[in-house]
Amino acid sequence: MGTKFANLHIQTQDRQLVLDALRQLTDQAGHVLAKPILNLSNILDQYIQRKEDGSSIIETEPNVTYYLHQSGEWTTVLNYYFEWGTVEQVGELLSTFVSQPIMTVGFFDEDIFEWTIFQDGEARSRKLFCGMWAADEYELKPEVVDFTYLQEVIGIKRADLDRLFDSETPEQAVDALSEQLNVHLWIDYKVMGSDAESAKRYSRVDQDIRK
């Protein structure tokens, strides 16, 4: 299995704005963003219920956990649910709660790096770093590249964009974008439980799921 990670970033250093936006996100989709509670009996109960009526019950924690870190102009947000293919959906929804751009990053098996910017509920830019075979194999959405938007709103110079887009591999593209935005992109929620040094740089925020 290859490397997989996903993360989300809000273009602001206003912590309260971030917390308020995440509160709205939790209220809207907390049941999805919360980590499942998996134990032996829980797994057995799910198996029996699926056999009986075809349904599935998944018990989740009573709150949603986020990890936050501010770097440059961006606040990084990590969550259990974020992975390539899901973080983009969360970014789109979150962008309806704040006016600031929302950036999502998804990396899958060294084959695909998807970089998307959402604002006001729509994808303002989507760049894929992958081979043509991967685009066909995974039926990827078409790119949406707005150079003016990326330069004026996101603040990346055209020369740096050209260098980024000339990256030969997804890994090189991640490194180039990390350098240009001064944001660490090689990070994932799963690291918080296994890398003490990385965990120290992030603050944990738990938000209860309201009934």
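- Pairing each heavy atom of Lys141 with each of Leu128, the nearest pair is O-CD1, 3.3 Å.
- When atom types are taken as modelled, the side chain of Glu61 and the backbone of Pro36 share no donor-acceptor pair closer than 3.5 angstrom.
- Counted by atom type alone, Gln11 and Gln100 present zero donor-acceptor pairs between their side chains at under 3.5 Å.
- Put simply, the side chain of Gln119 reaches to within 4.5 Å of the side chain of Pro101, judged on heavy atoms.
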Are Gln172 and Phe129 close enough, and set up right, to give a side chain to side chain contact (heavy atoms under 4.5 Å, CB included), and what steps lead you there? CA-CA 9 Å; Gln172 290 181 2; Phe129 299 89; over 6 Å; no

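- When Gln16, Gln24, Arg23 are each tested for a side-chain hydrogen bond (donor to acceptor under 3.5 Å, both in side chains) with Asp20, only one passes: Gln16.
- Side chain of Thr12 to backbone of Asp14: a donor-acceptor contact under 3.5 angstrom is found.
- For the pair Gln151/Leu161, a side-chain contact is recorded, criterion being any heavy-atom separation below 4.5 Å from C-beta on.
- Under the 4.5 Å side-chain contact rule for hydrophobic residues, Trp74 and Tyr149 share a cluster.
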List the steps, then state whether side chain to side chain contact (heavy atoms under 4.5 Å, CB included) holds for Leu22 with Leu68. CA-CA 11 Å; Leu22 293 179; Leu68 308 181; 3.8 Å; yes

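- Under the 3.5 Å distance criterion, the side-chain polar atoms of Thr104 are left unmatched by any main-chain donor or acceptor of Glu88.
- Between Gly2 and Asp109, the closest heavy-atom pair is N-OD1, 3.2 Å.
- Hydrophobic clustering, with ILVMFWY side chains joined whenever heavy atoms are under 4.5 angstrom apart, keeps Val144 apart from Ile156.
- Counting heavy atoms from C-beta on, the side chains of Tyr66 and Thr26 come closer than 4.5 Å.
- Using a 4.5 Å cut-off between side-chain heavy atoms of Ile, Leu, Val, Met, Phe, Trp and Tyr, with links allowed through other members, Val153 and Phe147 fall into the same hydrophobic cluster.
- In the model, Glu110 has a side-chain atom that pairs as donor or acceptor with a side-chain atom of Thr3 under 3.5 Å.
- At a threshold of 4.5 Å between non-hydrogen side-chain atoms, the residues Leu25 and Gln207 do not count as touching.
- Comment: Arg163 does not engage Asp166 in a salt bridge, judged by the lack of any side-chain N to carboxylate O separation of less than 4.0 angstrom.
- Between Thr96 and Asp120 the shortest side-chain heavy-atom distance does not fall below 4.5 Å.
- A heavy-atom distance below 4.5 Å is not found between the side chains of Gln180 and Asp175.
- Under a 4.0 Å N-O distance rule, the pair Asp160/Arg158 does not qualify as a salt bridge.
- By the 6.0 Å and 45° rule, Arg124 does not stack over the aromatic ring of Phe118.
- Classification of the Tyr202-His69 ring pair by plane angle, with boundaries at 30° and 60°, yields tilted.
- Rounding to the nearest 0.5 Å places CD1 of Ile10 at 14.0 Å from CD of Glu73.
- With hydrogens and angles ignored, the 3.5 Å screen pairs a side-chain donor or acceptor of His184 with a backbone N or O of Trp186.
- At least one side-chain heavy atom of Ile117 sits less than 4.5 Å from a side-chain heavy atom of Ile154.
- Leu94 and Val87 fall within a single hydrophobic cluster, where Ile, Leu, Val, Met, Phe, Trp and Tyr side chains are chained together by heavy-atom contacts under 4.5 Å.
- Of all heavy-atom pairs spanning Ala176 and Leu164, the tightest one is CB-CD1, 3.8 Å.
- Remark: the backbone N or O of Tyr81 is paired with a side-chain donor or acceptor of Asn79 at under 3.5 angstrom.
- For the pair Leu33/Val90, a side-chain contact is recorded, criterion being any heavy-atom separation below 4.5 Å from C-beta on.
- Side-chain atoms of Asp188 do not come within 3.5 Å of backbone N or O of Val191 as any donor-acceptor pair.
- Salt bridge annotation for Glu83-Lys4: absent, with no cationic side-chain nitrogen under 4.0 angstrom from a carboxylate oxygen.
- For the pair Thr76 and His9, the tightest heavy-atom approach, listed with the atom from each and the gap, is OG1-ND1, 2.9 Å.
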Report the C-alpha distance between Thr65 and Leu78 in whole Å, list the side-chain angles of each, state the deciding distance to 0.1 Å, and finish with yes or no for side chain to side chain contact (heavy atoms under 4.5 Å, CB included). CA-CA 8 Å; Thr65 298; Leu78 307 179; over 6 Å; no

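- Transitive grouping of hydrophobic side chains (ILVMFWY, heavy atoms separated by less than 4.5 Å) keeps Trp133 and Phe113 in distinct clusters.
- Between the Asp146 side chain and the Ser125 main chain, no donor and acceptor come within less than 3.5 Å of each other.
- With rounding to the nearest 0.5 Å, the separation of OH in Tyr80 from NZ in Lys190 is 9.5 Å.
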If you apply the rule ring pair (Phe, Tyr, Trp, His ring centres under 6.0 Å), what do you find for Trp84 with Phe5, and how did you get there? CA-CA 7 Å; Trp84 175 68; Phe5 65 86; over 10 Å; no

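- Shown here for Gln70 and Gln13, the closest heavy-atom pair between the two residues is NE2-O, 2.7 Å.
- With hydrogens and angles left out, the side-chain atoms of Arg201 and Ser71 include no donor and acceptor closer than 3.5 Å.
- A centroid separation of 6.0 Å or more is found between the aromatic rings of Tyr189 and Phe82.
- Closest non-hydrogen pair, Val98 versus Ala21, comes out as CG1-CB, 3.3 Å.
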Residue pair Asp27, Arg210: steps toward the side chain to side chain contact (heavy atoms under 4.5 Å, CB included) verdict: CA-CA 7 Å; Asp27 289 344; Arg210 297 170 179 171; 3.2 Å; yes

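- Within the cation-pi definition used here (under 6.0 Å to the ring centroid, within 45° of the axis), Lys127 qualifies as a partner of Phe165.
- In this structure, Asn7 contributes its side chain and Leu185 its backbone to a donor-acceptor pair below 3.5 Å.
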